[in-house]
Structure formats: structure tokens, C-alpha cells
Amino acid sequence: MEKRVRVRFAPSPTGPLHIGGVRTALYNYLFAKKHGGDFILRIEDTDQERFVPGAEEYIIEALKWCGIEPNEGVGFGNGPYAPYKQSERKAMYGQYADQLIKAGFAYYAFDTNEELDEIRERMKAAKGTFSYNAITRQNLKNSLVLPEEETKKRIANGDSYVIRIKLPRNEEVRFQDAIRGWVQVNTAQMDDKVLYKSDGMPTYHLANIVDDYTMKITHVIRGEEWLPSAPLHVMLYRYLGWESSMPQFAHLPLLLRPDGNGKLSKRDGDRLGFPVFPLNGELLDTKTQKPEKFSGYREAGYYPDAFVNMLALLGWHGAGNQELYTLDELVKEFSLERVSKSGAKFDPEKTKWFNQQYLRKYSDAELADAMMPILEGKNIKKDKVFVMEFCRLIKEKAHFINEFYDLGSYFFSAPTTFDPKVIEKKWNENSKPLYTKLNEKLTASSDWTNTAIQKTFEDAQAEFGKMDMQLLRVLLTGVAGGPQLFDMMALLSKEECTKRISAALVSLK
RNA sequence: GGCCCGUUCGUCUAGGGGUUAGGACGCGUCCCUUUCACGGACGAAACACGGGUUCGAUUCCCGUACGGGCUACCA
């Protein structure tokens with residue numbers, strides 16, 4: 001029988017979850033759903049120094065907003081393998097470290113940070129690099145070279161120590177990545193990574209393997225930054241005797257900054273004016289130790305499904321030309337084979353386009369329902385019929401519903417200034433009498449529908465001479481662009497329109 | 001520096017031994033339009049380079065260049 005698919009998203013609570021992380025979570029979610037499996041959220045908080053309060057809650061809220069909820073894990077209910085937070089699983093890692101030591105696959109190391117740093121400095125000065133490996137470990141302070149008595153004594157004394165993996169000197173490690181194919185590294189290029197820290201916590205490497213194994217994870221889908229440590233993980237599975245149940249690896253391409261080179265970062269968002277995070281928030285910055293604010297897609301006005309659709313297409317593409325996918329469609333179509341190998345530069349313009357596509361799917365009534373509270377927040381009272389028509393007229397121009405008001409504020413208040421470019425070009429000494437007559441005719445008209453207004457306008461032209469529609473638009477709204485003129489006038493009402501024209505004619509010389 | 005991964009229009013990508021190298025964003029032109037927008041049509045725009053293999057390579061192999069990642073008792 002095929003094993004039930006189980007995947008996990010395993011972020012560290014060291015800061016806000018950035019969109020690269022959201023995409024990793026999304027691909028895990030899609031893969032799990034596609035195969036009818038489980039999607040687990042595990043919090044990897046083995047680094048107590050970089051722990052940021054609130055980060056975990058942020059991650060949970062972000063996944064909820066995106067609609068890609070784990071069915072098991074921190075914040076989403078315990079499954080059979082709880083707890084899902086590594087700090088709460090602390091007790092179980094030690095035994096595996098001991099197991100490795102007993103089997104001769106790991107050893108105690110007593111070198112202090114200062115000592116190792118000193119060696120690194122020296123090697124650097126000599127244009128070399130230091131690696132704690134099969135060769136160098138023979139000259140360092142560890143249980144491989146120290147007499148057994150000495151090791152025991154040091155441990156009994158409470159001396160600080162770490163546990164390192166004991167890698168062979170020269171051996172090829174191979175594994176098959178679902179996205180990249182065979183990847184091969186020689187252990188001579190690897191170093192004896194610390195598995196167990198002197199503070200009694202495991203490092204990522206040990207905890208990750210132990211958790212994936214004990215949680216019966218079948219596929220590890222994570223960012224490309226983990227590719228270099230994958231061989232180490234393979235060795236750990238082997239040494240722990242778990243190689244036959246080792247998960248399939250899949251290393252996702254990175255999200256790159258839109259301009260220049262490098263990984264997408266918070267700074268790029270600040271600099272280029274687009275969010276790099278799903279939600280607004282404020283969390284402690286681990287570097288500066290000060291709270292830092294950051295902005296998110298939710299508050300920028302994005303629909304979660306548009307945001308998710310956009311992220312899905314950044315590094316993955318279906319078989320055809322389709323670009324707009326519902327979550328269900330993504331689940332159906334998704335496969336790791338169709339994930340690209342190369343990094344994707346993030347494109348804020350296309351991201352907006354996605355939202356626009358989703359915006360247009362909503363009916364005017366639905367848009368009005370979303371618009372009413374925004375207007376109320378500005379102390380504007382309009383009935384729903386008015387707001388619906390407003391939405392119908394304004395939506396073609398917008399990418400976001402939160403742009404509606406700024407795009408059409410003149411629907412709610414008369415203009416006080418008039419686009420100087422249009423006035424300069426089109427306003428002349430004949431304008432005032434001409435538009436005064438038009439206004440009289442409009443005032444006298446009995447029918448105020450789109451077509452009736454148009455007819456009145458045309459009749460007035462036949463009678464008094466040619467009039468410019470854009471100029472009339474500016475008289476009414478103050479700005480050069482906007483929705484269809486007569487539709488707009490119809491909505492605004494006769495009283496409002498004629499009042500505005502009069503006012504404009506007074507203020508224009 | 002070392003190791004690993006990658007490279008198709010500006011960007012996201014489809015494709016894959018023989019194609020007019022397809023789509024989307026953005027950009028431009030035109031049509032519609034006395035305004036505005038949507039829409040429609042069209043257009044400019046790419047296989048990093050050099051060697052192989054082959055009748056034929058953008059596609060396979062090798063190098064080079066370039067880009068990225070990793071190189072912590074961080075994940």
C-alpha cells in the first residue's frame with residue numbers, strides 16, 4: 001500500500017513570514033491536497049536567542065488569511081504526533097543523539113566558540129577555510145582524540161560540549177530531488193555539523209530529521225537554501241537507521257528581487273513600494289532588537305485568492321496557458337515536476353494585475369457591500385443603489401477596491417479645483433456663455449437618464465455650438481479622466497450636476 | 001575562495017533534436033470613442049557564449065561566462 005502523503009511547513013518564529021515562506025507553505029498545501037494527504041505546521045524554535053514573540057501567531061494568521069490551513073499542527077489542532085513545536089519536543093532529541101554516539105556516528109566536542117573562531121581567523125589569513133571534518137577533528141578537542149576517561153570526566157564536570165556528526169572522509173552522498181534530479185556531494189566537502197548544542201537543544205539538522213521521521217513525513221518540500229544541507233540530512237537518516245523511510249526531497253527555487261540581484265528581502269519592498277509580507281504587523285527585529293513595522297498584502301487591498309494565485313505561478317506553471325486558478329484548480333493541477341528550477345524575480349506589476357482580475361469577478365452588489373463600510377468610515381452616507389452604480393462605473397479603472405474612493409471621490413463631493421491642463425487648452429472666452437446655456441437647458445430637462453442627458457447635450461450643441469465633453473467633465477469633477485460621462489451625470493442627479501456647473505462657471509474666469 | 005544549484009522576450013513562463021519558438025505582465029501602434037475607460041486588432045521583444053554528438057541542436061554532453069544559494073553551537 002502507498003504511504004499516506006504527509007508534508008510539513010516548518011518555519012522558525014524568528015520574524016514575520018515572508019512571501020517566499022508563504023509560497024513554500026502553499027506548495028506543501030497543494031501537494032498534500034492533491035494526494036489526499038496531510039499538511040502539518042511545525043514550529044522550529046530550537047534557536048532560543050532568535051525567538052521573536054508574536055512571530056508564531058503571525059504565521060498562523062497568515063496561513064489562515066491565505067486559506068491554506070494545515071490540518072495538523074501548531075494553531076490548527078493536534079494530530080497523532082503532537083506536540084508540533086520543537087521546544088516542546090526537546091526531551092526526545094537527546095536519545096537520538098546518544099544513539100548516534102553509541103553507534104559511532106557522532107562524537108562529543110569540547111572546543112569553545114572562541115577556539116574555533118580563532119582557527120577560522122588563522123585559516124582565513126592563510127587564504128584557506130576551516131572545516132570541522134574527518135581530517136581536522138584529529139587535532140581538536142573531542143571524544144575521538146581525548147582519552148575516554150577524560151571525556152567522561154569533562155561531561156561529569158558539567159563542561160560545555162556539543163555533539164557532532166562523524167562524517168566519513170571521502171564518500172559520495174547521492175539523493176534524488178523531485179525538482180532537480182540526482183544531486184551528489186562528497187563528504188570531503190561537508191563538515192561535521194553540530195547536532196546537539198551546548199544549551200541542550202538540538203540544531204535544526206537533528207531536530208528536523210527526528211521530527212520528519214517521527215511525524216511520518218513523506219515529502220520534504222522546502223526552499224533551495226536547504227539544498228546544500230540535504231546530503232547531511234541523508235547521512236543522518238542513514239546513521240539513524242531510517243534510510244528506507246527517508247522522505248522524498250524537493251527544493252524549491254528562490255524568490256528573487258525585482259531589480260538587480262539577490263534574494264527578495266524586506267528592504268526591496270520598502271524601497272520599491274510593495275509588500276513582502278502577507279499581513280501588516282510589528283515584530284521585534286532580531287538584528288536591531290527593536291520593534292519594526294512591516295506592511296502586508298491583506299492591508300494593501302489584495303484578495304487572498306488573488307495573492308495565492310499569484311504566488312502559485314511564481315515558480316510553477318500548469319501545462320497550458322492558464323494563469324487564473326482557483327485554489328481547487330491549483331490542487332488539481334499541481335505537481336512538483338512542473339516546478340521550475342530557476343529562481344523567479346518577483347514582479348509587483350503582475351501581482352496587481354492578478355488582483356484586478358479577481359476584482360472584476362465580483363458583482364456590483366458585492367463590491368457595493370465592501371464599499372459601504374469604507375464610505376461610512378469617511379462619514380459619507382449613500383444608499384446602496386447609488387454605491388452599486390458607483391462601483392459599476394469606477395471598477396474598470398481599479399486594481400483594488402480600496403482605490404475606488406480616490407479614483408472617484410468627486411462622486412461624493414464637488415470639485416474645488418479644475419485640471420489646469422484641460423482648462424488651459426480648452427477654456428476660452430466663448431466657454432462661459434456656452435456652458436451657461438447648456439446648464440440652463442439641463443436644468444430645464446425633465447428626463448435625467450443617460451440617454452436623455454446625451455440628447456440634451458446634443459440638442460444644446462445644435463442650438464449653441466460645439467461643446468467639449470472633456471471640458472464638461474472637468475467642470476463636473478475637476479479631473480480629466482473618469483467613467484463614462486453621461487452615466488456619471490445620471491448617477492450624480494440633475495440638481496447636483498447643474499449646481500456643480502454653476503459653481504465651476506463662477507470660479508472660472 | 002570552496003561546494004552545490006541554475007540560465008528561453010525587460011519580467012513570469014510554455015515548449016523541446018526539424019516550430020513562423022507559444023502565452024501572460026509591462027510597453028507601443030491602430031480600431032472603438034466629441035470625454036473616460038473597458039474591449040478588440042496588431043507590433044517590438046528571447047533560446048548566455050564556445051566546443052562537441054547529430055543529416056540537423058534552443059532542446060543532449062562538456063567547458064566558459066553570468067546569476068543564485070550554502071559555507072555558524074541560525075534556521
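We name chains A, B, ... by the order of the sequence lines, and we start the count at 1 in each one.
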Query raised in the report: Given the C1' atoms of B:C61 and B:C70, what is the spacing between them in whole Å?
Result: 27 Å

**Report entry** Sugar-phosphate, base or nothing in reach of A:Leu227, heavy atoms under 4.0 Å
**Finding:** sugar-phosphate

Requested in this report: Identify whether any heavy atom of A:Ser229 sits under 4.0 Å from a base atom; if not, whether one sits that close to sugar-phosphate; answer base, sugar-phosphate or nothing.
Outcome: nothing

Query - Plane angle bin for A:Phe130 and A:Tyr132 - parallel if under 30°, tilted between 30 and 60°, otherwise perpendicular - result: perpendicular

Requested in this report: Tell me the partner of B:A44, counting only Watson-Crick (N1-N3 plus N6-O4 or O6-N4) or G-U wobble (N1-O2 and O6-N3) with both under 3.5 Å; none if nothing fits.
Outcome: none

Requested in this report: Choose from B:A75, B:A14, B:G68 the nucleotide whose nearest atom is closest to any side-chain atom of A:Lys197.
Outcome: B:A75

Requested in this report: Would you check if there is a donor-acceptor pair between the side chains of A:His399 and A:Asn355 at a distance under 3.5 Å?
Outcome: no

Query raised in the report: Just checking A:Lys263: base, sugar-phosphate only, or nothing, at a heavy-atom cut-off of under 4.0 Å?
Result: sugar-phosphate

Report task. Mind checking A:Ala230 for me? I need base, sugar-phosphate or nothing, with any heavy atom below 4.0 Å counting as a touch. Result -> nothing

Query raised in the report: Atom CZ in A:Phe486, atom CZ in A:Arg473: separation rounded to 0.5 Å?
Result: 9.5 Å

Report task. Could you tell me whether A:Gln484 contacts a base, only the sugar-phosphate backbone, or nothing, with contacts defined as non-hydrogen atoms closer than 4.0 Å? Result -> base

Query raised in the report: Of the nucleotides B:A14, B:C36, B:G68, which one has an atom closest to the side chain of A:Lys397?
Result: B:C36

Query raised in the report: Between B:G18 and B:U11, how far is it from one C1' atom to the other, in whole Å?
Result: 30 Å

Query raised in the report: What nucleotide among B:C3, B:A75, B:U11 has an atom nearest to a side-chain atom of A:Val185?
Result: B:C3

Report summary line: In Watson-Crick or G-U wobble terms, with both distances under 3.5 Å, the base opposite B:A37 is none

Query raised in the report: When we call it a touch if two heavy atoms are under 4.0 Å apart, what does A:Asp111 touch: a base, just sugar-phosphate, or nothing?
Result: base

**Report entry** Closest nucleotide among B:G10, B:G69, B:A72 to the A:Glu225 side chain
**Finding:** B:G69

Requested in this report: For A:Asp47, answer base if it contacts any base atom (sugar-phosphate contacts may also be present), sugar-phosphate if it contacts only those atoms, and nothing otherwise; contact means non-hydrogen atoms under 4.0 Å.
Outcome: sugar-phosphate

Report task. Scan every strand shown for a Watson-Crick or G-U wobble partner of B:C25, both distances under 3.5 Å, and answer none if you come up empty. Result -> B:G10

Query raised in the report: Going by the angle between their ring planes, with limits at 30° and 60°, are A:Phe411 and A:Phe390 parallel, tilted or perpendicular?
Result: perpendicular

Query raised in the report: Does A:Thr46 have a side-chain nitrogen or oxygen under 4.0 Å from the phosphate oxygens OP1 or OP2 of B:A75?
Result: yes

Query raised in the report: When you check the phosphate oxygens OP1 and OP2 of B:A72, does a side-chain N or O of A:Arg164 lie under 4.0 Å from one of them?
Result: no

**Report entry** Integer angstrom distance from the P of B:U64 to that of B:C4
**Finding:** 13 Å

Report summary line: Among the nucleotides B:C25, B:A72, B:U13, whichever has the atom closest to the side chain of A:Ala344 is B:U13

Requested in this report: Respond yes when some side-chain nitrogen or oxygen of A:Arg360 is under 4.0 Å from OP1 or OP2 of B:G39, and no when none is.
Outcome: yes

Query raised in the report: So does A:Lys341 get a side-chain nitrogen or oxygen closer than 4.0 Å to the phosphate oxygens (OP1/OP2) of B:G67?
Result: no

**Report entry** Residues A:Glu333 and A:Arg338 bridged, charged N to O under 4.0 Å
**Finding:** no

**Report entry** Per A:Asn113 side chain, nearest of listed nucleotides B:G69, B:A37, B:C73
**Finding:** B:C73

Report task. Describe the nucleic acid contact of A:Met467 in one word from base, sugar-phosphate, nothing, applying a heavy-atom distance below 4.0 Å. Result -> base

Report task. Would you mind classifying the nucleic acid contact of A:Ser131 as base, sugar-phosphate or nothing, using non-hydrogen atoms under 4.0 angstrom? Result -> nothing

Query raised in the report: With a non-hydrogen cut-off below 4.0 angstrom, is A:Tyr161 in contact with a base, only sugar-phosphate, or nothing?
Result: nothing

Query raised in the report: Distance between the C1' atoms of B:U20 and B:C36, in whole angstroms?
Result: 38 Å

Query raised in the report: Checking all strands, does A:Val194 fall into the base, sugar-phosphate, or nothing category for heavy-atom contacts under 4.0 angstrom?
Result: sugar-phosphate

Report task. Please work out if A:Gly320 contacts a base, only the sugar-phosphate, or nothing of the nucleic acid, heavy-atom cut-off 4.0 Å. Result -> nothing

Query raised in the report: Looking at B:U35, B:G15, B:C73, which one has an atom nearest to any side-chain atom of A:Met469?
Result: B:U35

Report task. From the options A:Phe277, A:Tyr297, A:Tyr302, A:Phe274, select the one residue that forms a ring-ring contact (aromatic ring centres under 6.0 Å, His included) with A:Phe307. Result -> A:Tyr297

Query raised in the report: Can you tell me how far C1' in B:C5 sits from the matching atom in B:C42, rounded to whole Å?
Result: 41 Å

Report task. Nearest whole angstrom, please: distance from the P of B:A75 to the CG of A:Asp211. Result -> 13 Å

Query raised in the report: P atom, B:A14 versus B:A48: distance in rounded Å?
Result: 14 Å

Query - Whole-Å distance separating the CZ atom of A:Phe130 from the P atom of B:C3 - result: 19 Å

Query raised in the report: Would you say B:C74 has OP1 or OP2 under 4.0 Å from some side-chain N or O of A:Lys287?
Result: no

Requested in this report: Measure from the side chain of A:Ser198, starting at C-beta and using heavy atoms only, and say which of B:C36, B:G15, B:C73 lies closest.
Outcome: B:C73

Report task. Tell me whether the OP1 or OP2 atom of B:C70 has a side-chain N or O from A:Arg222 closer than 4.0 Å. Result -> no

Query raised in the report: A:Glu349 near the nucleic acid: base, sugar-phosphate alone, or nothing, with a heavy-atom cut-off under 4.0 Å?
Result: sugar-phosphate

Report summary line: Looking only at B:G69, B:C73, B:A37, the nucleotide nearest the A:Leu116 side chain is B:C73

Query raised in the report: Which whole number of Å gives the distance between the P atom of B:U53 and that of B:U58?
Result: 15 Å

**Report entry** Residue matched to B:A57 through Watson-Crick or wobble contacts both under 3.5 angstrom
**Finding:** none

Requested in this report: Answer yes or no: is there an ion pair linking A:Arg392 with A:Glu389, defined by an N-O contact shorter than 4.0 Å?
Outcome: yes

Query raised in the report: Do A:Lys350 side-chain and B:A24 base share a donor-acceptor contact under 3.5 Å?
Result: yes

Query raised in the report: Are any of A:Ser342's side-chain N or O atoms less than 4.0 Å away from OP1 or OP2 of B:G67?
Result: no

Requested in this report: Could you measure between the two P atoms, the one in B:U7 and the one in B:G15, and give it in whole Å?
Outcome: 13 Å

Query raised in the report: Looking only at N and O atoms, is any donor in the side chain of A:Arg180 or the base of B:C5 less than 3.5 Å from an acceptor on the other one?
Result: no

Report summary line: note: A:Asn321, atom CG; B:A21, atom C1'; distance rounded to Å ~ 13 Å

Report task. Report yes if the side chains of A:Pro483 and A:Ile394 come closer than 4.5 Å at any heavy-atom pair, otherwise no. Result -> yes

Query raised in the report: Of the candidate nucleotides B:A37, B:C74, B:C5, which contains the atom at the shortest distance from the side chain of A:Thr203?
Result: B:C74

Query raised in the report: Less than 4.0 Å between a side-chain N and a carboxylate O, is that true for A:Asp211 and A:Arg89?
Result: yes

Requested in this report: Could you check if a side-chain atom of A:Leu492 sits within less than 4.5 angstrom of a side-chain atom of A:Tyr410, using non-hydrogen atoms only?
Outcome: no

